[in-house]
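The next block holds one structure in the form of structure tokens; read it before the comments.
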Amino acid sequence: MSADLIALSAAQAAVALHAGEIDAAELFSAYADRVAGEQIGAYLWREEGNPLVERPADFRSTPLAGVPIAVKDLFCMEGVPSTAASKILEGYLPPYTATSIARLQAAGASVLGKTNMDEFAMGSSNENSGYKTVKNPWDETRVPGGSSGGSAAAVAAGLAPWATGTDTGGSIRQPASLCGLVGLKPTYGSVSRYGMIAFASSLDQAGPITRDVTDAALMLKYMQGKDERDSTSTGLPDEVELPSATDLNGKRFGVPSTIDWSGVQPGVKAVFDAAVERLTALGAEVVEITLPHAEHGLSAYYLIAPAEASANLARFDGVRFGLRSEGEGLTAMYENTRHDGFGAEVKRRIMLGTYALSSGYYDAYYGRAQLVRTKIADDFRAAFNKCDFVVTPTSPTVAFKVGERVEDPLAMYLSDLFTVPMSLAGIPAISVPAGLATPDGAAQAAPGDDGALPVGLQIAGPAHSENALLDAAFAFERATEHMPAPWER
Amino acid sequence: MIERKDVEYVARLARLRLSEEEQERMARELGAVLGYIEHIEELDLSGVEPTSHVVDLVNSLRSDEVRESLPREAALANAPEVVDNGFAVPAAGS
């Protein structure tokens, strides 16, 4: 029975709950038992009770009727430990809940626990967690990607039917790709940032990490919306629909001719080429586009995001919450608290951001990065005159080995090559499983091949094109051979 | 590489104490990252307007009405040190 419950996607579970075919408390327990015994470091906190045992009688009439969910530890939840995987927030119990999570709860979602992540969402491998490393359920010697690595690992391992993530430069899409899942970064402003522990405020956006495209649409539907507590939130102009497209007739997909394939594994390239062929077979027209400034996206991103982070993280000063390390006087207390509380990558980004904003360097670095950001947004505007969607690989490589890039921050940053341009432009992008590659990334692989690892296709659309984007991703998903996830094996 | 004295200066601006070893590592790693980033100097960006925000929003206001705020006890509940209903800090001198 328990295995049958785990086999249901979130959307399927909601249908079964509404029909009274399964019991919400049993569904929660089936996952909670698995979470209690998990060995991959996916969770930082788990709900030990069963909130669905004594639920109100009208609970079944909520849209999600109790479907369990995992929440990235970046989201504050009232009275629940919320640390952003940082030692500086150990023991912090927020007095409020993030709007996006409160909305999902109001829609009937039940929180299983808080998932592990790179500290303050800074990282692409989840090795920067202040608490523990997350293992990729496809191959436990490899990383799950990051920063939403705990969320992706939890879904891939059947420790949650779905999970929330956040994406600043790829932190939903890249772990989804490396764990064989769907990950959607919505248009900037669609989902409220209120109660999300801030990293880079002009880029941060919450979204779903799910088993399939339908679940991604379902979660977005109940997460999104304008919020007066986040003055930059706009919500989506149209109601989010569950996707239904079966073909791509009349849709134009742009493939950037400006991609430098030298840094992309051949197996990833082969999966991408096959994916583009499938788009054509579904009736799509594939056109060549150019994104001439995308190659500078990484540089702009690694100036803008750390600059904003250095300002946002100034609030961790040992005064109002979190860790305090004493020192001789106020300044020494600040400096010691931040020395002891932040991990190496967070310190690196604070330093990089402070440097980029400091007198004498501001124009050359931060100022220039903002100009590049304009050019990147312009590139996409021009591209969307020629096509409906832009497609690229999500990640240049398959999941890499734990430890492989820890000593080389620049190599780690290159993981975000394909995902940061969309973040800088504020447009929506989804990663959908596209195929498998050999563990060394050298060639394409088939389901069942020893050690084969997932490869994702990134599809991006213009601002507020979520419904069209989800439909396109859905048609592609239907035409792609199912790759059994680790929890299915 | 960036210079050690720059690392010390920026760390002071960021109110971040770094050990000797951290300073050395930071000089090396920031140097490598900045070396990569410097490629944006090659771009011709004359006449381009900066983007600080991607959404065209002007004055997103809510109605000015009194409503409940976070209770004082809740706001103070996570503080390392509380004195007389306020956040307590060490003396600012020295």
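Convention: sequence-line order gives letters A, B, ...; per-chain numbering from 1.
Put simply, of B:Ala32, B:Ser52, B:Ser19, the one with the most heavy-atom pairs under 4.5 Å next to chain A is B:Ser52. Counting heavy-atom pairs closer than 4.5 Å to chain A, the top residue among B:Gly35, B:Pro50, B:Ala79 is B:Pro50. Among B:Ala75, B:Ala74, B:Ser60, B:Pro71, the residue with the largest count of heavy-atom pairs under 4.5 Å with chain A is B:Ser60. Top candidate by heavy-atom pairs under 4.5 Å with chain A, chosen from B:Arg12, B:His53, B:Arg62, is B:His53.
Proximity to chain B involves both the backbone and the side chain of A:Thr232, based on heavy atoms less than 4.5 angstrom apart. With a threshold of 4.5 angstrom between heavy atoms, A:Leu357 does not approach chain B through any atom at all. With a 4.5 Å cut-off on non-hydrogen atoms, A:Asp340 touches chain B through its side chain but not through its backbone. The part of A:Met333 that comes within reach of chain B is its side chain, from C-beta onward, which places non-hydrogen atoms under 4.5 angstrom from that chain. When heavy atoms are compared at a cutoff of 4.5 Å, A:Ile427 does not approach chain B at all.
A donor-acceptor pair shorter than 3.5 Å cannot be found between the side chains of B:His39 and A:Glu295. A donor-acceptor pair shorter than 3.5 Å can be found between the side chains of B:Glu38 and A:Tyr365.
Rounding to the nearest 0.5 Å places CG of B:Leu34 at 13.5 Å from OH of A:Tyr302. Taking CE of B:Met26 as the reference point, atom CG of A:Leu352 lies at 9.5 Å (rounded to 0.5 Å). One distance of note links CZ of B:Arg15 with CG of A:Asp317; it measures 11.0 Å at 0.5 Å rounding. With rounding to the nearest 0.5 angstrom, the CG atom of B:Leu70 is 8.0 Å from the OH atom of A:Tyr96. Separation of atoms CD (B:Glu42) and NE2 (A:His296) is listed at 6.5 Å; rounding is to 0.5 Å. Residue A:Leu414 holds its CG atom at 5.0 Å from OH of B:Tyr36, rounded to the nearest 0.5 Å.
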Item to complete: Walk me through it: do B:Glu41 and A:Arg368 pass the test salt bridge (Lys or Arg N to Asp or Glu O under 4.0 Å)?
Response: CA-CA 8 Å; B:Glu41 284 174 16; A:Arg368 221 166 153 74; over 6 Å; no
Practice prompt. Please assess A:Lys375 against B:Leu45 for the test side chain to side chain contact (heavy atoms under 4.5 Å, CB included), listing each intermediate value before the final yes or no.
Written response: CA-CA 8 Å; A:Lys375 296 299 277 181; B:Leu45 297 167; 3.7 Å; yes
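By the 4.5 Å heavy-atom criterion applied to side chains, A:Leu303 and B:Ile40 are counted as neighbours. Within the 4.5 Å cutoff, the side chain of B:Val89 has heavy atoms near those of the A:Arg324 side chain.
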